[in-house]
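Everything numeric here is computed off the predicted structure, so don't read it as measured data.
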Amino acid sequence: MSKTRFAKSRGFKRKNTSDSSKPSRNVKKARGAKFEDERRFSDNSDSGESSDEQQEAVSSEEEEEKPIETYKEPTMYDNLLKTLGSSSKSLADVYKQRQREQEGQSDLEETSGSESDLEEASGSESDYSTASEEDVEEGKDEEPRSSGISKHQAQKQKSATVGVTQKNEDIEDDDDEQYESDDAQDTETNDLPSGDSLAITSSFVNHLGHTLSTEEVENLSQRKWKYTWETSSSNPSNSKWMGTGACFIKDDMMNLSYSIKPRLQKHWLDNYKGGDFDSSKQKFFFSLCNSYKDILYHNKKPFYLKGLEEDSNIMTGYVVHTLNHVLSTGDVVVKNDARLAKLEESNKDTISEGDALDHGFTRPKVLILLPLASIALKVVKKLIELTPPKHKVNVEYKDRFFDDFGTGVEDDEVENKKPNPSKPVDFETLFGGNNNDHFVVGIKYTRRSIKLFADFYSCDIIIASPLGLITKIGEAESDKEKDVDYLSSIEVLVIDHSDVIAMQNWSHVNTVVEHLNCLPSKQHGTNIMRIRPWYFDGHARFYRQTIILGSYLNPDMNALFNHHCFNYQGKVKSVCEYKGVLPKVLIEVRQIYERFDAETLADADDARLEYFTNKVLPKIINTTEGGVMLFISSYFEFVRLRNYLKSQEASICLLGDYTKQSDISRARIWFYQGTRKIMLYTERSHFYHRYKIRGMKNLIIYSLPERNDFYPEIVNMLEDSHNMSTTVLFSRFDQLKLERIVGSGSAKRMLKSDKSVFAFC
């Protein structure tokens with residue numbers, strides 16, 4: 001696609017010139033190169049194997065001008081320009097210009113450029129957009145938000161966004177309305193940013209505009225994280241924040257102008273309902289996300305545990321952040337498109353697309369992982385609600401989305417639905433909607449619409465369940481015609497309700513994250529001349545922001561945050577002091593905690609089984625009374641214990657993760673009647689069914705539950721008997737689970753004490 005057509009598709013007005021097509025053909029020729037050839041050429045350049053044609057692309061005059069002592073190792077992007085320059089004069093000129101800039105030469109040193117040409121080029125580069133008069137009128141009321149700066153400085157600040165972000169050419173959706181900048185006043189900018197104005201650019205610009213040094217890359221690759229500060233949190237009062245680098249959670253940070261699109265900010269404030277906005281959870285969490293640091297917040301009170309307000313505020317914070325990222329991304333690309341189109345109209349011999357580095361390998365920039373379709377429906381509703389009116393004149397396929405992700409009944413019918421008295425209220429709230437855990441949907445933003453169910457390569461935001469993406473990854477591995485390259489340029493990853501995802505299969509999350517920010521297998525119509533160099537260098541993972549949100553922390557989440565999140569901006573996470581849930585045990589039962597020793601985490605499972613078989617099982621294997629419940633946290637432990645008890649010919653019945661419904665009903669009857677003495681019950685089975693087990697007289701918690709609210713729920717099932725008791729096994733590797741149940745203070749004493757048996761009454 002030529003630039004003429006590309007610019008027209010975005011609504012830019014242009015003059016008809018007879019010579020403008022000449023440079024377009026050169027650019028079009030460069031775009032037609034195969035992606036695999038580009039990578040091969042780049043690899044050859046890195047190894048020093050250059051052909052004679054490549055060597056001819058650099059003139060002898062430049063070699064004489066370049067001092068030996070100022071030589072810099074060429075980047076992958078430089079090598080790509082040099083390689084492609086052998087077959088295209090315009091690309092060769094781009095490479096020459098880039099070399100001059102690296103050597104510190106100005107355009108004034110070029111004898112071929114007159115003073116008038118320089119003035120014309122300067123004016124062209126600052127005119128980012130040729131928006132219609134209607135759009136200019138629409139944007140006149142939007143004044144710069146930066147406090148303490150003049151309008152002229154603010155215009156400089158906005159012009160600094162050139163070449164900082166990405167938006168793919170939408171080749172497959174040529175007939176669609178393309179994205180359009182909502183900052184029409186930017187078209188009046190006539191000056192490139194000075195050093196003073198660069199200091200006040202937004203966090204969006206600062207984050208994506210930073211160039212990593214070799215030392216920074218090495219340190220990030222070695223996962224050297226050191227938390228240097230901590231600060232208290234008012235909500236909840238028993239938690240605090242800690243992070244790497246300098247502390248940014250201060251009053252002055254909370255009072256900044258958000259670095260947010262003015263139209264988005266105005267619409268957000270118009271929709272805000274509550275008390276003081278400046279002290280709200282919404283504003284705080286947006287400011288936290290806007291730092292572009294990796295975030296681990298594991299103390300969120302979910303909506304199904306009477307935390308609807310807090311959950312909604314946090315969702316609003318990250319939704320506004322993702323919208324701001326997407327809209328800012330689109331604005332920068334539109335401005336650069338307009339600038340390049342203007343250069344083309346002025347019949348320039350060289351169109352320096354290398355100066356407009358605002359693309360990634362593919363278009364999608366945000367990935368939001370959610371466990372259930374009902375939660376995805378909440379997030380999409382929030383996205384639509386917070387999108388400025390200009391961009392949601394039409395929401396395509398809205399009815400279809402609500403049908404697929406909703407319950408299929410009217411809202412008033414859902415509100416009037418009578419709860420099941422045999423199930424807890426939180427269970428009804430969580431699973432009362434659409435429980436589908438297999439979905440992937442793309443959302444695309446254009447000038448006047450939001451398109452749901454957009455093609456993955458033309459969308460801006462992907463909302464998916466881990467299982468849905470795992471299916472796509474599996475299809476790509478088995479079918480070479482398919483791929484998941486749309487995950488290659490994700491810049492913001494949000495994992496919400498990670499505690500619910502952990503009850504599904506956390507390994508799916510690890511697999512998805514491993515497929516992010518990889519080199520794509522195909523070109524997918526991307527203009528390679530506008531891809532940022534750090535994408536080619538394989539550094540995209542260092543720029544990706546990861547936000548993990550949940551109601552508790554487990555080792556899997558901790559490992560993902562520590563070993564798969566490499567954001568150069570640093571990390572921030574919450575730390576909480578737990579009070580425990582023992583007071584919620586309503587019956588008088590003696591709870592015995594027995595600690596076993598394990599040298600390493602890998603040895604913990606074997607040590608647990610050995611302790612159980614030697615110390616606990618002999619007391620119950622020959623019981624005549626029955627009613628022994630074995631509660632097990634993971635399915636892996638369930639299988640090992642089941643196989644061992646079968647080898648001992650124990651009288652057992654099973655309620656596992658994959659037990660059929662007919663077998664579950666039969667097992668519950670056997671256990672209640674005493675036909676089977678021992679029942680094996682898993683945490684995941686309880687999470688999805690919340691059975692009320694009758695006939696339980698003795699409880700053995702083989703491994704502590706991840707969800708602390710399950711502990712009193714299970715213990716309270718014990719029926720009144722003379723021999724009623726609870727035995728809990730734990731090791732020092734169960735600290736995260738233990739402190740949520742007995743409290744942080746008690747957990748520390750139990751792990752450090754010389755004694756190994758503890759009792760709670």
Side-chain angles (χ1 to χ4, degrees), residues 33-43 46 75-77 79-80 165-168 208 212 216-218 220-223 294 325 329 357 359-369 440 442 455-495 506-528 530-548 559-568:
K34 297 294 183 181
F35 192 80
E36 292 296 330
D37 292 338
E38 294 156 8
R39 292 175 59 188
R40 177 171 54 84
F41 287 142
S42 178
D43 293 339
D46 290 337
T75 65
M76 185 178 294
Y77 182 69
N79 291 326
L80 180 60
T165 187
Q166 183 268 357
K167 194 87 167 182
N168 276 331
L208 296 182
L212 291 174
E216 286 178 303
V217 172
E218 291 179 355
L220 291 170
S221 300
Q222 294 174 5
R223 304 178 180 88
D294 289 334
H325 188 86
T329 294
L357 303 178
H359 279 51
F361 292 123
T362 54
R363 176 167 175 167
K365 287 294 165 289
V366 176
L367 172 62
I368 303 177
L369 292 180
V440 185
D455 178 77
F456 296 138
Y457 287 102
S458 64
C459 70
D460 300 294
I461 301 174
I462 296 176
I463 295 180
S465 66
L467 180 60
L469 278 181
I470 282 295
T471 302
K472 296 292 183 183
I473 293 172
E475 292 174 354
E477 291 176 350
S478 59
D479 187 353
K480 294 183 179 180
E481 297 298 322
K482 298 180 180 180
D483 57 69
V484 289
D485 292 345
Y486 44 80
L487 301 177
S488 63
S489 302
I490 296 298
E491 293 172 354
V492 178
L493 168 65
V494 180
I495 306 174
W506 189 261
S507 64
H508 291 342
V509 178
N510 292 330
T511 303
V512 169
V513 172
E514 289 171 359
H515 280 78
L516 298 180
N517 305 120
C518 298
L519 289 175
S521 59
K522 302 173 186 176
Q523 184 177 350
H524 301 289
T526 305
N527 183 356
I528 62 169
R530 292 175 65 173
I531 296 178
R532 301 191 200 96
W534 44 265
Y535 272 103
F536 287 114
D537 294 337
H539 295 166
R541 59 179 177 157
F542 301 131
Y543 290 81
R544 185 189 76 235
Q545 180 188 27
T546 304
I547 303 172
I548 304 176
L560 177 68
F561 188 71
N562 292 332
H563 302 297
H564 294 280
C565 300
F566 301 91
N567 191 349
Y568 80 89

**Request:** To the nearest 0.5 angstrom, please state how far the OG atom of S489 sits from the CG atom of L487.
**Result:** 9.5 Å

**Item:** Qualifying ring-ring contact (aromatic ring centres under 6.0 Å, His included) pairs with a residue from residues 461-494, counting only residues at least two apart or across chains
**Value:** F456-Y486, Y457-Y486

**Request:** State, with a plain yes or no, whether a side-chain heavy atom of R544 is found less than 4.5 Å away from one of V513.
**Result:** yes

**Shortest non-hydrogen separation from R532 to L208 and the atoms involved** = NH2-CD1, 3.9 Å

Identify all side-chain donor-acceptor contacts of residues 469-476 below 3.5 Å with residues at least two apart in sequence or on another chain.
unit_1 : atom_1 : unit_2 : atom_2 : d
T471   : OG1    : H438   : NE2    : 2.8
T471   : OG1    : L467   : O      : 3.0

**Prompt:** Should L369 and H508 be marked as a side chain to side chain contact (heavy atoms under 4.5 Å, CB included) after you check the CA-CA gap, both sets of side-chain angles, and the distance that decides it?
**Reply:** CA-CA 11 Å; L369 292 180; H508 291 342; over 6 Å; no

**Request:** Heavy atoms only: give me the nearest T511-H515 pair and the separation to one decimal.
**Result:** O-ND1, 2.9 Å

**Prompt:** What distance separates T526 OG1 from I531 CD1, expressed to the nearest 0.5 Å?
**Reply:** 5.5 Å

**Message:** A side-chain contact here means heavy atoms from C-beta on lying under 4.5 Å apart; do L519 and S488 qualify?
**Reply:** no

**With I490, the side chain to side chain contact (heavy atoms under 4.5 Å, CB included) member among T362, V366, V512, L516** = L516

**Item:** Check: S221 and F542 side chains under 4.5 Å, non-hydrogen atoms
**Value:** yes

**Message:** Tell me the closest heavy-atom pair linking I528 and Q523, and the distance in Å.
**Reply:** CG2-NE2, 3.8 Å

**Message:** Consider salt bridge (charged side-chain N to carboxylate O under 4.0 Å, His left out). Of D455, D485, D460, which one does R363 pass it with?
**Reply:** D460

**Prompt:** Step by step, would you call L560 with I495 a side chain to side chain contact (heavy atoms under 4.5 Å, CB included)?
**Reply:** CA-CA 11 Å; L560 177 68; I495 306 174; 3.9 Å; yes

**Asked** For the residue pair Q545 and N567, what are the closest heavy atoms and their distance?
**Response** CA-ND2, 3.8 Å

**Item:** Taking every non-hydrogen atom, the tightest pair across K522 and K480
**Value:** NZ-O, 4.3 Å

**Message:** Show the nearest heavy-atom pair for residues C565 and D294, with the distance to one decimal.
**Reply:** CB-OD2, 3.3 Å

**Request:** Step by step, work out the side chain to side chain contact (heavy atoms under 4.5 Å, CB included) result for T546 and F561.
**Result:** CA-CA 8 Å; T546 304; F561 188 71; 5.8 Å; no

**Request:** Please round to the nearest 0.5 Å and tell me the distance separating atom NE2 of H325 and atom NZ of K365.
**Result:** 7.0 Å

